2 protein chains.
Amino acid sequence: MLTPNARTADQSDAAPLFAALGDETRLALVDRLCAGGPLSIARLTAGSTVTRQAITKHLQILAAVGLVHDRWHGRERIWELDTARLDEARRRLDQISQQWDEALNRLKRFVED
Amino acid sequence: MLTPNARTADQSDAAPLFAALGDETRLALVDRLCAGGPLSIARLTAGSTVTRQAITKHLQILAAVGLVHDRWHGRERIWELDTARLDEARRRLDQISQQWDEALNRLKRFVED
DNA sequence: ATGAAATGCAACTATTTGGTTGCGTACCCT
DNA sequence: AGGGTACGCAACCAAATAGTTGCATTTCAT
């Protein structure tokens, strides 16, 4: 429809995603799941400075924005990156950065006139 | 050098950047500065639900990660996107998403074996 | 069957965060 | 000169956040 006030269509709920990533511990968790594949809470806790319960909470926050999901395997709760959602998130990041890029180019053209 | 444990080189301080973007109000500010060019605090406050002081604080948070910077013009404090840093941030986002992408592909290959 | 391992749940705490109000100051304009 | 406009600074507040500890539950392995 391209209404005059179109702005920010898809990035409307980008803030919670950024917020979920805006923590060192959580970013490290994403990192480890990225590099190491599915891991149990105990595994993820080992090497971390914080307690298992803290790790659990962080994982739940990541799950709330769909970046990870869990699966039970015996007495272990295995967490893994949600590849579909993660890819979606990646595309959203690209999209936002592209929006910024376009806007910046417009600004540059404006300044250079 | 490609050491065995290379991971996360440049995304070390990505968390504060994500955190700065992880707030609706701040994301909206970035948005407005993106679309509308440099604006004063009063201008940025108009149309927002929160007070001028709140806006000021948010701008300072964005400034702390280098996304915006300010410049005095008479009695007005003009805020604008820091294009250089923003571009850097954009590239960092791309880089992280690419890292994720590669890791996910590795995971997929691993699963499909 | 029993003990250790992996986890959940709940209560509690301290710090950070997002926001406010009140008041003072600098600047512009008529 | 004097009033309105744009802003800073500081104190304050409520809610959210990141973390803890303590205890109960399930599951595995011997």
Side-chain angles (χ1 to χ4, degrees), chain A residues 8 11-33 36-82, chain B residues 12-33 36-82:
Chain A
T8 65
Q11 77 190 59
S12 47
D13 58 344
L17 177 67
F18 283 130
L21 295 173
D23 178 275
E24 301 284 358
T25 305
R26 285 194 291 271
L27 214 43
L29 283 173
V30 169
D31 222 39
R32 291 195 60 183
L33 290 176
L39 289 170
S40 72
I41 295 176
R43 287 300 219 101
L44 287 169
T45 301
S48 168
T49 59
V50 298
T51 59
R52 171 180 61 86
Q53 286 84 346
I55 296 294
T56 296
K57 286 189 184 178
H58 282 300
L59 287 168
Q60 283 164 347
I61 290 171
L62 289 172
V65 296
L67 283 175
V68 299
H69 66 98
D70 65 299
R71 163 176 44 93
W72 281 92
H73 182 251
R75 62 180 158 180
E76 287 185 327
R77 190 175 178 183
I78 306 295
W79 288 88
E80 56 190 346
L81 288 175
D82 200 319
Chain B
S12 49
D13 59 343
L17 176 67
F18 283 129
L21 294 172
D23 177 275
E24 301 284 0
T25 306
R26 285 194 291 272
L27 216 41
L29 283 173
V30 169
D31 222 39
R32 290 196 60 185
L33 289 176
L39 289 170
S40 72
I41 296 176
R43 284 303 216 100
L44 287 169
T45 302
S48 167
T49 59
V50 299
T51 58
R52 170 179 62 85
Q53 286 84 343
I55 297 293
T56 295
K57 286 188 183 181
H58 283 300
L59 287 168
Q60 281 164 348
I61 290 170
L62 289 171
V65 296
L67 282 175
V68 299
H69 67 98
D70 65 300
R71 164 177 42 95
W72 281 91
H73 183 250
R75 60 180 160 179
E76 287 184 327
R77 191 176 177 183
I78 307 295
W79 288 88
E80 56 190 344
L81 288 174
D82 198 317

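Note that the coordinates shown come from a computational prediction; the quantities given were computed from them, not determined experimentally. Chain letters run A, B, ... following the sequence lines, proteins first and then strands; every chain starts at 1.
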In whole Å, what is the span from the [atom1] atom of [X] to the [atom2] atom of [N]?
X: A:Leu21; N: D:dA18; atom1: CG; atom2: P; result: 12 Å
X: B:Leu62; N: C:dG18; atom1: CG; atom2: P; result: 11 Å
X: A:Trp79; N: C:dT7; atom1: CH2; atom2: P; result: 11 Å
X: A:Glu24; N: C:dT16; atom1: CD; atom2: P; result: 15 Å
X: A:Leu29; N: D:dG19; atom1: CG; atom2: P; result: 10 Å
X: B:Asp23; N: C:dT16; atom1: CG; atom2: P; result: 18 Å
X: B:Ile55; N: C:dG19; atom1: CD1; atom2: C1'; result: 11 Å
X: B:Ile41; N: D:dC9; atom1: CD1; atom2: C1'; result: 13 Å

So [Y] and [X], do their side chains get closer than 4.5 Å, heavy atoms only?
X: A:His73; Y: A:Pro38; result: no
X: A:Asp70; Y: A:Leu59; result: no
X: B:Asp13; Y: B:Val65; result: no

Any [X] side-chain nitrogen or oxygen under 4.0 Å from OP1 or OP2 of [N]:
X: A:Arg26; N: D:dA18; answer: yes
X: A:His58; N: D:dG19; answer: yes
X: A:Thr51; N: D:dG19; answer: no

Exercise for the section: Only pairs at least two apart or in different chains count here, so list each side-chain hydrogen bond (donor to acceptor under 3.5 Å, both in side chains) that has a residue in residues 55-67 of chain A. Expected result: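 Qualifying pairs, neighbours excluded: A:Arg26-A:His58.
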Strictly under 3.5 Å: I want the nitrogen or oxygen pairs between protein and nucleotides 10-13 of chain D, one per line.
none

Kindly write out the residues that satisfy side-chain contact (heavy atoms from CB on, under 4.5 Å) with [X], not counting sequence neighbours, or none if the list is empty.
X: B:Ala54; answer: B:Val50, B:Thr51
X: A:Arg43; answer: A:Leu39, A:Ser40
X: A:Ala63; answer: A:Val68, A:Trp79

Exercise for the section: Determine yes or no for a side-chain-to-main-chain donor-acceptor pair under 3.5 angstrom, with A:Arg32 supplying the side chain and A:Leu44 the backbone. Expected result: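 Yes; at least one donor-acceptor contact below 3.5 Å.
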Exercise for the section: Provide the closest heavy-atom pair for A:Gly66 versus A:Asp82 in the form atom of the first, atom of the second, distance. Expected result: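 Looking at all heavy atoms of both residues, the closest pair is O-CB, 3.4 Å.
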Exercise for the section: Starting from the 5' end of DNA chain D, give me the residue, A:Thr25 or B:Ala42, whose nearest nucleotide shows up first. Expected result: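 Per heavy-atom nearest nucleotide, the more 5' residue is B:Ala42.
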Fill in the blank from the handout: In 5'-to-3' order, the base (B), backbone-only (S) or no-contact (-) status of each nucleotide in nucleotides 24-30 of chain C, using a 4.0 angstrom heavy-atom cut-off, is ---BS--
